[in-house]
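I have placed the structure first, in the form of structure tokens, so that the comments after it can refer back to it.
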Amino acid sequence: MAVGNVQITGTGQLLDLSRSLRAAGGPRLAQNFTRRIRRAAEPLYTDLQDSIRSTTIQSPGRGQGSRGGSSPTTRPLRESIAGAIRLSVRASANPGARLWVDKSRLPSDLRNMAATINSGRIRHPVYGNRRRWVTQTASPPWWDSVVTRHQPRMRAEVERVLGDVRRTIT
């Protein structure tokens with residue numbers, strides 16, 4: 001599973017329901033629908049943020065000598081990625097909930113870091129020195145494990161919301 005985009009849809013059912021909502025002329029009903037889908041997706045959203053914040057990134061350890069020093073950047077990596085996670089809910093053209101990492105909210109040098117950390121292997125130059133590289137490990141896969149854990153609950157929630165809205169329309 002790739003980091004960056006999770007869509008929670010039952011496309012056929014949600015599209016039919018979306019058309020029925022419009023035909024019923026119920027903006028309140030549509031608002032209720034989107035609010036409940038958002039409420040169903042928010043635990044996944046917060047767990048994804050918590051997961052990246054608590055992901056451990058381990059270094060292979062130092063070699064011989066007294067090399068080292070402070071980090072060349074003061075940006076908090078995990079917090080930056082957590083802040084870039086977005087949740088969007090739509091009830092119109094493509095109804096459902098969508099979670100993704102908004103790369104435009106990340107610094108240019110960190111745009112692919114969410115997927116890299118999820119892969120478990122981070123290879124980068126040591127303090128920007130392109131002649132010396134290090135491989136760090138991150139565990140567990142922060143995106144995949146959380147999404148997999150939430151899928152059954154999300155499917156059940158969406159089915160429940162669909163059933164409730166269908167009963168309201170008919």
> Which heavy atom in T55 sits nearest to a heavy atom in W142, and how many Å separate them?
Replying inline: OG1-CB, 3.4 Å

>> Let's go through L44 and Q151 carefully: what are the C-alpha distance in whole Å and the side-chain angles of both, what is the deciding distance for side chain to side chain contact (heavy atoms under 4.5 Å, CB included) to 0.1 Å, and is it a yes or a no?
In response: CA-CA 9 Å; L44 173 58; Q151 274 181 337; over 6 Å; no

>> For the CG atom of N32 and the CD1 atom of I37, what is their distance to the nearest 0.5 Å?
In response: 10.0 Å

>> Just verifying a value: how many Å separate N112 CG and K103 NZ, rounded to the nearest 0.5 Å?
In response: 4.5 Å

>> Between R78 and I57, is the side chain to side chain contact (heavy atoms under 4.5 Å, CB included) condition met? List the steps.
In response: CA-CA 10 Å; R78 293 175 200 88; I57 299 175; 3.6 Å; yes

>> Ignoring hydrogens, what is the shortest heavy-atom contact between W133 and R123? Give both atom names and the distance.
In response: CB-NH2, 3.5 Å

> Among all residues two or more places apart in sequence or in another chain, which pass the side-chain hydrogen bond (donor to acceptor under 3.5 Å, both in side chains) test with Q136?
Replying inline: H124

> Can you name the nearest heavy-atom pair linking A40 to M154, along with the distance?
Replying inline: O-SD, 2.9 Å

> Any donor-acceptor pair under 3.5 Å linking the side chain of N118 with the backbone of W143?
Replying inline: yes

> Where is the tightest heavy-atom contact between A84 and R105, given as atom of each residue plus distance?
Replying inline: CB-CB, 4.1 Å

>> Go through it in stages, so that I can follow the logic: the residues are V146 and D50, the test is side chain to side chain contact (heavy atoms under 4.5 Å, CB included), and I'd like the CA-CA distance, side-chain angles, deciding distance and then a yes or no.
In response: CA-CA 10 Å; V146 173; D50 293 343; over 6 Å; no

> If every non-hydrogen atom of V89 is compared with every non-hydrogen atom of T34, which pair is closest and at what distance?
Replying inline: CG1-O, 3.6 Å

> Sub-3.5 Å donor-acceptor pair from the side chain of Q58 to the main-chain atoms of T137, do we have one?
Replying inline: no

> Testing E157, R160, Q31 for side chain to side chain contact (heavy atoms under 4.5 Å, CB included) with R36, which one passes?
Replying inline: R160

> Where is the tightest heavy-atom contact between P125 and R130, given as atom of each residue plus distance?
Replying inline: CG-NH1, 3.9 Å

> How far apart are the C-alpha atoms of L77 and M113, what are their side-chain angles, what is the distance that settles it, and do they pass the side chain to side chain contact (heavy atoms under 4.5 Å, CB included) test?
Replying inline: CA-CA 9 Å; L77 171 66; M113 190 54 76; 3.6 Å; yes

